[in-house]
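Have a look at the structure below before the remarks.
Proteins get letters first, then strands, A, B, ... in listed order; numbering begins at 1 in each.
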Number of protein chains: 2
Amino acid sequence: MAIFSSRSEYGVRLMVELGRQEAERPVSLKAISEAENLPLAYLEQVVALLRKADLVKSARGAHGGYWLARPADQITMDEVVAALDGAVAPMECFAPTGGDDRILCSHKADDGTGCSTKMLWTRVQGGVISSLKRTTLAELVEFSRRNTREPSTVAA
Amino acid sequence: MAIFSSRSEYGVRLMVELGRQEAERPVSLKAISEAENLPLAYLEQVVALLRKADLVKSARGAHGGYWLARPADQITMDEVVAALDGAVAPMECFAPTGGDDRILCSHKADDGTGCSTKMLWTRVQGGVISSLKRTTLAELVEFSRRNTREPSTVAA
DNA sequence: GTTATCCCGACCGCAGTGGTAGGATTTAGA
DNA sequence: TCTAAATCCTACCACTGCGGTCGGGATAAC
């Protein structure tokens, strides 16, 4: 089964593309959609999620576009994925409760026995989150730069 | 977003329930469905996946039922989850290729740049799999026994 | 005013999921 | 030998979310 939707894939690619450009210099979605060969109309929806999560900033009008809200080395991938696919939970019954980072499993709330499976899902969740938290956007940008011969879509 | 479907939840609960019984003694699905309050007809589909993966054995007819194919401490949860939800992959484009445990990302095969996101998904996948591999069914059974039969010893 | 761009909401086909229905087959036991 | 209990199998269904499109509105540069 797939852990993340391709919204996440698209969103991460988009963020990497923004990270390759100079800060504060707006990049149009059209440029990104052509560089990464992704459907523009769908990217609009994806980038809207990133904007709501304060990960990117935008400018409207001609010569507008998007840029990173923070330096790439201060953006961890758990934020990005959370913005796109929601809070990472191994099961639907793992719902974040308010401001705490507590989780509860609704299945066994009635008979009070407590999930024996909860331990497992908690471990898995921990594995995913720690993997995401220790990866910064800057790392991906660096990786992307190394693997592309040309500085790609700059200029324009 | 949810990593696993509730098929996995049901299947793990089922496995734990089997692990609580003596080995080789068949347990009927009906008993499990009543104990765990899960729909019997759906459990039949779930347990069929576990049987195909050689994780449980079965006996038909009156007084038939299911039991673990191996001792619980020799069953790791990555096997169980794989049987229920398929191979764990962070993205759809991570497909197991034949007998190898190689993975490939189809998105960037054409322009040859290689996924910058691939590094991220590989890390996540590693986090999930290692969490699953280091958890045995025996641990969950033990956890379940402590939390249901002995309310007095519950601490913390 | 034109053009480029962000922004927004509605819509759609598809696949997968959780779940049901109904029966066929096998076996233990009266 | 009959019956009840159980596995097994196949088809079906409603719902949801996802990937994606479309049309249009707002806004800013030139």
Rounded distance (Å) that lies between atom C1' of C:dC7 and atom CZ of A:R51: 7 Å
Give me each pair satisfying ring pair (Phe, Tyr, Trp, His ring centres under 6.0 Å) with a member in residues 26-74 of chain B, each pair once, sequence neighbours excluded. B:Y10-B:Y42
Where do A:S144 and A:R20 land on the side-chain hydrogen bond (donor to acceptor under 3.5 Å, both in side chains) test, with the steps shown first? CA-CA 8 Å; A:S144 166; A:R20 293 170 67 112; 2.3 Å; yes
Are A:S5 and D:dC18 close enough that a side-chain N or O sits under 4.0 Å from OP1 or OP2? no
Residue closer to the 5' end of DNA chain D, B:V27 versus A:L40 (nearest nucleotide): B:V27
Residue from A:V27, A:L29, A:I32 passing side chain to side chain contact (heavy atoms under 4.5 Å, CB included) with A:E17: A:I32
Roughly how many Å is it from CG in B:L49 to P in C:dG18, rounded to a whole number? 11 Å
Just the rounded figure in Å: distance from P of C:dG18 to CZ of B:R7. 6 Å
Which residue in the set A:L137, A:V16, A:T135, A:V80 passes side chain to side chain contact (heavy atoms under 4.5 Å, CB included) when paired with B:L120? A:T135
Could you check which of C:dT20, D:dC18, D:dT21 has an atom nearest any side-chain atom of A:A41? D:dT21
To the nearest Å, give me how far apart CD (A:E9) and C1' (D:dG20) are. 16 Å
So if I take every side-chain heavy atom of B:K30 and compare against D:dA6, D:dC8, D:dA11, which nucleotide ends up nearest? D:dA6
Please list, by residue number, the residues of residues 54-69 of chain B whose heavy atoms come closer than 4.0 Å to an atom of DNA chain C; answer none if no residue qualifies. B:R60, B:G61, B:A62, B:H63
How long is the line joining CD of A:Q45 and C1' of D:dG23, in whole Å? 13 Å
Worked check of side-chain hydrogen bond (donor to acceptor under 3.5 Å, both in side chains) between B:D73 and B:T136: CA-CA 6 Å; B:D73 58 4; B:T136 67; over 6 Å; no
Can you tell me how far P of D:dT16 sits from CG of A:D85, to the nearest Å? 19 Å
Could you give the CG-to-P distance, from B:L18 to D:dA6, as a whole number of Å? 15 Å
Ignoring hydrogens and geometry, is there a side-chain-to-backbone donor-acceptor pair from B:E36 to B:L14 under 3.5 Å? no
In Å, rounded to the nearest 0.5 Å, how long is the span from CD1 of A:I75 to CG of A:L18? 9.0 Å
Provide, to the nearest angstrom, the distance between the OH atom belonging to A:Y10 and the P atom belonging to D:dC18. 14 Å
Let me know, please, whether A:E44 or B:V47 comes out on the 5' side of the other along DNA chain D by nearest nucleotide. B:V47
